[in-house]
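Counting starts at 1 for both ligands and their atoms, in listed order. Because the structure is a prediction, the values reported are computed rather than measured.
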Amino acid sequence: MAAVSAADPQSLDAKEVQRRLDELLWYHTIDVVPGAVTRGWFDLRHALPKIPFPDVRGRRCLDVGTWDGFYAYELEQRGAGEVVAVDLPDMRGIDWPPEVLADPSFDPTLSDEQPRAAGFHLVNEIRRSSVAWRGLSIYELDPATVGTFDLVLVGSLLVHLRDPIRALDAVRQVVAPGGHLLLVDYIHPSVNVLGRGRPLFELRGEGSDFQWWLASDLGLQQVLKVAGFTIDTASDHFLLRPGEHYPATTFRAHTRRDYVSRALNWRFARDATFGGHLHRAYLCRPRF
Ligand SMILES: C[S@@+](CC[C@H](N)C(=O)[O-])C[C@H]1O[C@@H](n2cnc3c(N)ncnc32)[C@H](O)[C@@H]1O
């Protein structure tokens, strides 16, 4: 299959592109065209060399929980033959904790927020990209509806799922024979220290900015094993770094907790960026 081609970046006026990008709020920091960048909450650009991407040239790839599409567009740039990006069609599909849903003042559609795919579609238009967006939950992945993929990438999503094993079960069904899962997810530094060689988790599952399962490194590896995957390559640890528009409430306060996280992040990732979240990437194959 031929590689997907994006727009000729030289033909676009960077100032005009930047003006359009700045009209939206962004999760990801993406170099959309030379001289124009999305000012996101987070920045993963420095981590790309650490993530064990397989050769995707001409391959069919899926990015699950794509948000603004950082990984999907990266796969396109790496020459994938076809890239499909999925995210929830509606924020009601988020695994909101029961207590949050029980609050009558809580709007599970997040109707006051910008549509989740707004940024994805703008990048798509500007770059004249061929990446296709589909509104689907990870739990709904099914070869009968989406086909199978040579690479399925799941980034920073398991930590937000109430049932990560069920989600990975669905992922396994859509990995083509000989294909891979590239899982990138959060490792909680304190749980990692406490784990001391055990697959340990802290269960949170509270609040509307919820995280469900905070994993130690071996915890994440055990999830992959239980869900039927063998790990071929594990990356070095790295940080999901705050981007230009990181919400100011947390790390800029520089609390004691921030300093502890920073010290532990340094220990594991040799990166002491304030507000960074420890991550690791695993390139895996289905075992059955
Ligand atoms: C923390 S963001 C990570 C974005 C991106 N994958 C990355 O690694 O940078 C989690 C994303 O997963 C999406 N998401 C949450 N629950 C999902 C589900 N059940 N199925 C698919 N996507 C989901 C969210 O809408 C959001 O875009």
Side-chain angles (χ1 to χ4, degrees), residues 24-30 38 40-48 50-51 53 61-75 83-97 100-101 108-111 113-121 123 131 133-142 145-146 151-171 173-174 181-188 204-205 207-215 220 235 238-243 245-247 275-282:
L24 293 181
L25 297 171
W26 297 89
Y27 176 87
H28 286 130
T29 304
I30 303 174
T38 64
W41 284 359
F42 289 108
D43 193 347
L44 277 164
R45 292 173 298 175
H46 67 284
L48 287 172
K50 297 199 171 175
I51 296 176
F53 286 97
C61 301
L62 175 68
D63 178 28
V64 186
T66 194
W67 206 325
D68 299 326
F70 175 81
Y71 287 124
Y73 293 119
E74 177 63 23
L75 292 168
V83 184
V84 178
V86 305
D87 208 312
L88 295 170
D90 181 316
M91 291 302 109
R92 273 180 292 209
I94 291 267
D95 281 353
W96 300 115
V100 171
L101 284 175
T109 66
L110 301 186
S111 55
E113 285 193 5
Q114 166 186 303
R116 175 89 5 148
F120 176 92
H121 290 305
V123 176
V131 178
W133 190 91
R134 289 188 67 169
L136 269 183
S137 167
I138 190 168
Y139 298 119
E140 295 167 333
L141 290 175
D142 180 341
T145 49
V146 292
L151 179 69
V152 180
L153 195 156
V154 180
S156 305
L157 174 52
L158 287 196
V159 67
H160 297 298
L161 297 179
R162 178 168 151 159
D163 194 343
I165 308 287
R166 184 158 72 89
L168 287 180
D169 251 344
V171 167
Q173 310 304 320
V174 298
L181 160 66
L182 182 53
L183 182 89
V184 187
D185 222 295
Y186 181 52
I187 306 277
H188 194 269
R204 287 259 177 97
S208 58
D209 61 344
F210 62 93
Q211 295 173 322
W212 277 96
W213 304 98
L214 305 185
L220 209 47
S235 75
F238 59 87
L239 296 192
L240 171 63
R241 286 184 185 157
H245 274 184
Y246 191 72
H277 297 282
L278 190 66
H279 272 60
R280 201 169 187 194
Y282 298 94

Would you say the ring centroid of [X] lies under 6.0 angstrom from that of [Y]?
{"X": "W26", "Y": "H245", "value": "no"}
{"X": "F210", "Y": "H160", "value": "yes"}
{"X": "Y73", "Y": "F120", "value": "yes"}

### Message
Under 3.5 Å, is there a donor on one side chain and an acceptor on the other for T145 and D142?
### Response
no

### Message
Whether the T38 and H28 side chains hold a donor-acceptor pair (N or O, under 3.5 Å, no angle test) is what I'd like checked.
### Response
no

### Message
Classify the ring geometry of Y186 against H277: parallel below 30°, tilted from 30° to 60°, perpendicular beyond 60°.
### Response
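The rings of Y186 and H277 stand perpendicular, inter-plane angle above 60°.
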
### Task
Below 4.0 Å from any atom of ligand 1, which residues have a heavy atom? Give them in chain and number order, please.
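If the criterion is a heavy atom under 4.0 Å, then ligand 1 touches Y27, H28, L44, G65, W67, Y71, D87, L88, I94, R116, L136, S137, I138, G155, S156, L157, H160, L161.
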
